[in-house]
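Below: the structure, in structure tokens.
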Amino acid sequence: MQVYRLPALSDNYIFLLHDADRRIAAVVDPAEAEPVLSQLKTLESELVAIFNTHHHSDHVGGNKTLLQHFPQATVYGGVEDRGRIPGQQVFLADGDRVTFGDRTAEVLFVPGHTRAHIAYYFPPKNSDDMGDLFCGDTLFAGGCGRLFEGTPSQMIRSLSKLRNLPDQTRVWCAHEYTLKNLQFALTVDNQNLDLQSRYQQVEQMRQRSQATVPSLLIEEKRTNPFLRWDQPNLQKRVNSQDPIQTFSRLRGMKDQF
Ligand code: ZN
Ligand code: FE
């Protein structure tokens, strides 16, 4: 399975999954249809699935037009998003499995950014390969989604599920927010050497207009403050020893950043 990263809108990424043998494709969170249609044309492939992580328009905006071109494509989303995702036919809950070509993804229910948000995790095909996590607006490179419909404790539970995946997992998040996220991270975790070097690397990449997505889960565990609510230095930074309060205060500071 080849993953194509298609820039869309101002800072979204759409991910197109391609099975070259079968000439079929699936798309994760089509913000808009046009980049997907042109990539499908290039690949001479048919769209068979739309995997949505949540209902926000910058994630489902292309559903309708894509369905007009590929009426046989199946639209997947979370069960709690019933009525909010255009064309949704499959209503997924935690632990459900979805297949694309010869690959199967596990569905993770990760509420917090919205009350219905799900993520799709494709385990590695063999032991020297990496897994792929499509996590929408739950986990970002260096950050996490805003809490629009969920509570900090819900979001910690959701992020814990993602943190428990193998270190060598590619994290395909839906926005290019990494530089700004790491600028914030440095204000709360400035002694973190891994974070300092990641920041420099990302700054250089952005100067060359390179994408910083996907990242690796191991880098997120080491440098993303929103996966580090149990680190004493971060707890100290926000005057708390409680994980939920730590997370909540960090998220509040980021909202103001
Ligand atoms: Zn969103
Ligand atoms: Fe978004």
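As the structure lists them, so they are numbered: ligands from 1, and atoms in each ligand from 1. Below, each value reflects all heavy atoms present in this structure, side chains not excepted, and no hydrogens, waters or symmetry copies. Heads up: numbering here begins at 1 and tracks the sequence.
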Less than 3.5 Å apart, any donor N or O on the side chain of [X] or [Y] sitting next to an acceptor on the other?
| X | Y | answer |
| --- | --- | --- |
| Ser45 | His18 | yes |
| Gln210 | Gln204 | no |
| Asp81 | Asn52 | no |

Any Phe109 side-chain heavy atom under 4.5 Å of His117 side chain: no

Side-chain heavy-atom pair Phe51, Val27 within 4.5 angstrom cut-off: no

Heteroatom N/O/S of His59 within less than 2.8 Å of the Fe ion (ligand 2): yes

Presence of N, O or S from His175 under 2.8 Å of the Fe ion (ligand 2): yes

Closest Asp137 atom to the Fe ion (ligand 2) [N, O or S only]: OD2

Name of the Asp58 atom (N/O/S only) found closest to the Fe ion (ligand 2): OD2

Distance criterion under 2.8 Å: protein N/O/S atoms around the Zn ion (ligand 1): 4

CD/Glu203: more than 12 non-hydrogen atoms of other groups inside 6.0 Å: yes

Plane angle bin for Phe140 and Tyr177 - parallel if under 30°, tilted between 30 and 60°, otherwise perpendicular: perpendicular

Sequence-distant partners of Asp58, salt bridge (Lys or Arg N to Asp or Glu O under 4.0 Å), two or more places apart: none

